Asker: 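Quick one: the structure is below, and I'll ask about it shortly.
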Amino acid sequence: MSSGNKNLEKLTPKQRALYELLLKEKKGQLQDATTKAVERTIPRREDTGPAPASFPQQRLWVVDQLEGGRAFAYNVHITVQFTGALDVALLERCVNQVVRRHESLRTVFAAREDGIPVQVVLPELRLLVPVEDVSHLSKEEQDAEVERRTSEESQRLFDLARGPLLRGKVLRLGPDNHVALVTMHHLVTDRWSLGVFVRELMAFYATGVTGQSHDLPEPAIQYSDFAVWQRERMQGERLRTELEFWKQHLRTLPAPLELPTDRPRPPEQTYRGSRQFVTLPVALTRALKEISQQEGATLFMTLLATFQTLMHRHSRQSDITVGSPIAGRNVPELETLIGFFVNTLVLRNDLGGNPTFRELLRRAKEVCMAAYAHQELPFEKLVEELQPPRDLSRHPLFQVMFSFQNTPRQDLSMPGLQSTYLLVDPGSAKFDLLLELREDRPDEIFGWLEYNTDLFDVATIQRMRGHFYSLLGAVAENPDTRLSELPLLTQEEQLQLRSDFQGQQDDFPRDVCLHSLIEAQARRTPDAEALRFEDSALSYAQLDSRSNQLAWHLRSLGARPGSLVGVCLERSLDLVVALLAVLKSGAAYVPLDPAYPRERLAGMLEDADAPVLLTHEHLKSVLPQHDSRVLCLDSQWDDVAVHSRDSLPLLAGPDAPAYVIFTSGSTGRPKGAINCHSGIVNRLLWMQQQYGLSPDDTVLQKTPFSFDVSVWEFFWPLMTGARLVLAKPGGHQDPAYLVRLISEQRVSTLHFVPSMLRAFLEEPGVEKLSGLRRVVCSGEALPAELVRRAHALLPASAEVHNLYGPTEAAVDVSFWHCARGDSRHFVPIGRPVSNTQLHVLDSTGLPTPVGVPGELFIGGVQVGLGYLSRPALTAERFLPDAFSAIPGARLYRTGDVARWLPDGSLEYLGRADFQVKLRGFRIELGEIEAALLAAPGVSDAVVVLREDASAPRLVAYLVA
Ligand code: AMP
Ligand code: MG
């Protein structure tokens, strides 16, 4: 000791303070310096009747009553392997000697009238330790058997009223090879207690073998003495001050930690779990200790701060609350008892404002020091006092736990035996996630991530572990890094996101315009039927020459590359001729849907400022006041017919605008998204490569041409020699008409927004549409259940595809084939199309890992040119593409939230602006409604709030 003291003297005051802090933390004895260890002796109780349960026992007992058969996670288990000649009969005697010493191991529980459980100590309890012989099995079979028995033993429920609340079993693997399985209910034990249990067992066993006496003094008190003492102690002034501190710490209740899960959260916690092991290299541990020391913090605090950073980055929340166990044995006579003493500290940390890690560590230290000083308040008292909203689907106040043991584990040493603890996964999880680390030997840290398997896939936890390592490495390298700059992704993940998951590189012709694709097809199949509208049709040659005439005419009226031509027509042959003609003239077309309200058309006309406007005579009256020159294709066709039928030279380049489609977006008036030829050409060539339309196919054109889906409906068939059938005006909303038309015209390919697909599937006769090959969905989230319905009702030949993309990036940028029999609860939006990159970025612009939501950004050839007459908005949404090596490349910010799935496809999760507004609980009802109504496509919202008025929580919203 004296040399140790000398060493201590050499320490600086700061180092010494840290040393003392460490010592105390080790013993679980951190407490307020001012309250020292005063009047800490626990008296024996006077009577011998039932004693009240302690606070932690009470809560666990209630959990058990509530959860019934699912509370197996509250079993505490160890598996020990003995090599050598184990005397099983002696072992059994020794177990019973320990049971005799500790009343806790003889305790059962009964409900008192006031609902508080009491502990009843059985005067006698003789435990049998059965032996099962599995020596006839092969080594592999034995390993599997040990694993199976461990999870069976550790999950079998105890009868709290009848006891016993511990059990043991020995598996005999061979004459000199045994495995002991020991399970206790948490009500009568904790991890520290297991150390006591093993120590005593070893002492008795050694005595039995050698005949020498052991030196275990009789326990001075028993657990029930503690329970009575704790209840007396935790009242009045002491309770008040403790509560005051914790209520301040949790002034506003922490919002549940929303780690992105792989499956929807079951309505009730399931406790099914598994583990993934975690190991830290010695050099890393040393570096982390060094950093801890610099800040006068402990390694626990540094690991906690890193774990909280990990939770922050995965949940995108900044207010991170983590539970952490504390031994709760502040009184010396408790150190040798077996019982449930461990308490849980609620460690809440503010990770907001993007601090450096060092700053975060300081915050963590402050939080921990204050919590240690108030560690006596039982967690259950706190829950009782704070009354967090009842939610059976998660643990109250915190959902993830961090535990770090740096006291050496009780070594196993018994005469004639070599014994080791086996790390067997018990198959349970008390929390969403638990990081348990231990330092059994100096600088050697290992442990595991224990996770709920109903929420997370193993791969997700493995990735999370990789992120924990990345963070620790970066922290060790430079603790002055800001949280947002600490790298999360491993190198492999970075590579995966940057290349594996990205759209295929395809060498589609670059110098081609949209209409040139159709001109080429007209040359290949001039006589084939190109389009049909009711009883009239045009061949490819007719379509080509008509649109040439109109294009020449448009030229004469001033249409040029870069200029716009408004088109206000209903679905008709003329409509297709008009669109093609505008493109051929070098200009870009702007659809003006005659069904739109007047004000909307007026806004569009104003933005477009088109020199020419194509329409039909009867639609002239729907158009508001404007300055464009109007050409009626029906009444004024004679003026067009005088022009040449010859094709025009290629006037526009690939980067010239092809069409401008107005989208509503979430705010204000519609804005015109400008798309260029190269973007839409890429989109169409990709589509042809992917789905291979042939001249035998018929595509239905039914999407209003003011939506960009119509662009592929028009031009994809026409560039491949297939046939285009136009639905009659208004027909796209009439399922019965659609079924008839599809059947009569043998339509093979068509598009639905999911809500329309639902209505369509209701229609009798859909099962007979045997010509259907492809049902393409896009525009809104496609429910999995709808896809299953479609698969069930449509003929087997019909495939269902989910496409995703904003108007600003040439219709669609990702695609997914909905396979029959997929049992997933959602439909992915799939992988990027050719020559397209998708990025899921966090709020600081860093890629989020697989599984973690972020905002979706689009890069590549399909990104449009911006918004018509809206430079500020364009600059806000179309950013320089930092991921691209191509000069001038743009990145489009979608405002959609998505996440990568492990297979490189994407899951769509909703609108970003929408979610941000819903985050944060204390918002006025009116604000929620406003937020919902501001979301695109939402016309009505019903908000349902929890009844508990003290902490209103949004639990559901319906959108009509
Ligand atoms: P628009 O610009 O009208 O094409 O609308 C694009 C928006 O519709 C996207 O930003 C998404 O919010 C939504 N959207 C489009 N396709 C899908 C899809 N397949 N799944 C979910 N949402 C979609
Ligand atoms: Mg779209």
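Not measured: the values here are computed from a predicted model. Both counts, for ligands and for their atoms, begin at 1 and track the order of listing.
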Asker: By number and element, which atoms of ligand 1 are closer than 4.0 Å to a non-hydrogen atom of Gly779?
Answerer: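 Here the atoms of ligand 1 in question are 8 (O), 13 (C), 14 (N), 15 (C), 16 (N), 17 (C), 23 (C).
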Asker: Answer yes or no: is there an ion pair linking Arg773 with Asp697, defined by an N-O contact shorter than 4.0 Å?
Answerer: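 The answer is no: the pair does not qualify as a salt bridge.
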Asker: Please determine if the Mg ion (ligand 2) has an N/O/S atom from Val709 lying under 2.8 Å away.
Answerer: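 No, Val709 does not qualify, because none of its backbone or side-chain N, O or S atoms lies under 2.8 Å.
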Asker: Run the numbers for me: atoms of ligand 1, each under 4.0 Å from some heavy atom of Arg911, listed by number.
Answerer: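 Counting atoms of ligand 1 from 1, those under 4.0 Å from Arg911 are 10 (O), 12 (O).
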Asker: State which residue, out of Trp712, Phe815, Phe508, fulfils the ring-ring contact (aromatic ring centres under 6.0 Å, His included) condition with Trp686.
Answerer: Phe815
Asker: Can His732 and Thr703 be said to form a side chain to side chain donor-acceptor pair (under 3.5 Å), step by step?
Answerer: CA-CA 7 Å; His732 57 285; Thr703 303; over 6 Å; no
Asker: Please lay out, stage by stage, how Glu799 and Arg774 fare under the test salt bridge (Lys or Arg N to Asp or Glu O under 4.0 Å).
Answerer: CA-CA 5 Å; Glu799 292 180 342; Arg774 306 165 196 93; 5.5 Å; no
Asker: Taking the ring centre of each residue, are Phe752 and Phe760 less than 6.0 Å apart?
Answerer: yes
Asker: When you compare ligand 1 with Glu780, is there at least one nitrogen or oxygen pair between them that comes in under 3.5 angstrom?
Answerer: yes
Asker: Using distance alone, decide if ligand 1 has a nitrogen or oxygen within less than 3.5 Å of any nitrogen or oxygen in Tyr908.
Answerer: yes
Asker: Does Leu803 reach ligand 1 with a nitrogen or oxygen that is under 3.5 Å from one of the ligand's nitrogen or oxygen atoms?
Answerer: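 Among all N and O atoms of Leu803, at least one is under 3.5 Å from an N or O of ligand 1.
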Asker: Do Lys728 and Phe533 meet the cation-pi criteria used here (NZ or CZ under 6.0 Å from the six-membered ring centre, within 45° of the axis)?
Answerer: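 Here Lys728 fails the 6.0 Å and 45° test against Phe533.
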Asker: Does any part of the side chain of Leu583, heavy atoms only, come nearer than 4.5 Å to the side chain of Phe715, both counted from C-beta?
Answerer: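 Side chain of Phe715 against side chain of Leu583, heavy atoms only: contact under 4.5 Å found.
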Asker: When you measure from atom 10 (O) of ligand 1 to every protein heavy atom, which one gives the shortest distance, and what is it?
Answerer: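 Nearest protein contact, heavy atoms only, for atom 10 (O) of ligand 1 is Asp896 OD2, 2.4 Å.
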Asker: Tell me whether atom 17 (C) of ligand 1 lies less than 4.0 Å from at least one protein heavy-atom position.
Answerer: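 So atom 17 (C) of ligand 1 has protein heavy-atom neighbours under 4.0 Å.
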Asker: Using distance alone, decide if ligand 1 has a nitrogen or oxygen within less than 3.5 Å of any nitrogen or oxygen in Thr894.
Answerer: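 Not met; the criterion fails.
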Asker: Run the numbers for me: atoms of ligand 1, each under 4.0 Å from some heavy atom of Asn802, listed by number.
Answerer: 19 (N)
Asker: What is the nearest protein non-hydrogen atom to atom 1 (P) of ligand 1, stated with its residue, atom name and distance?
Answerer: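 It is Thr807 OG1, 3.3 Å.
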Asker: Side chain to side chain contact (heavy atoms under 4.5 Å, CB included) for Thr836 and Val863? Distances and angles first, verdict last.
Answerer: CA-CA 9 Å; Thr836 293; Val863 175; over 6 Å; no
Asker: What do you reckon, does Ile829 have a nitrogen or oxygen under 3.5 Å from a nitrogen or oxygen of ligand 1?
Answerer: no
Asker: Given side chains that start at C-beta, do those of Val709 and Val776 come closer than 4.5 Å, heavy atoms only?
Answerer: no
Asker: Within the structure, does Gly805 bring an N/O atom to less than 3.5 angstrom of an N/O atom in ligand 1?
Answerer: yes
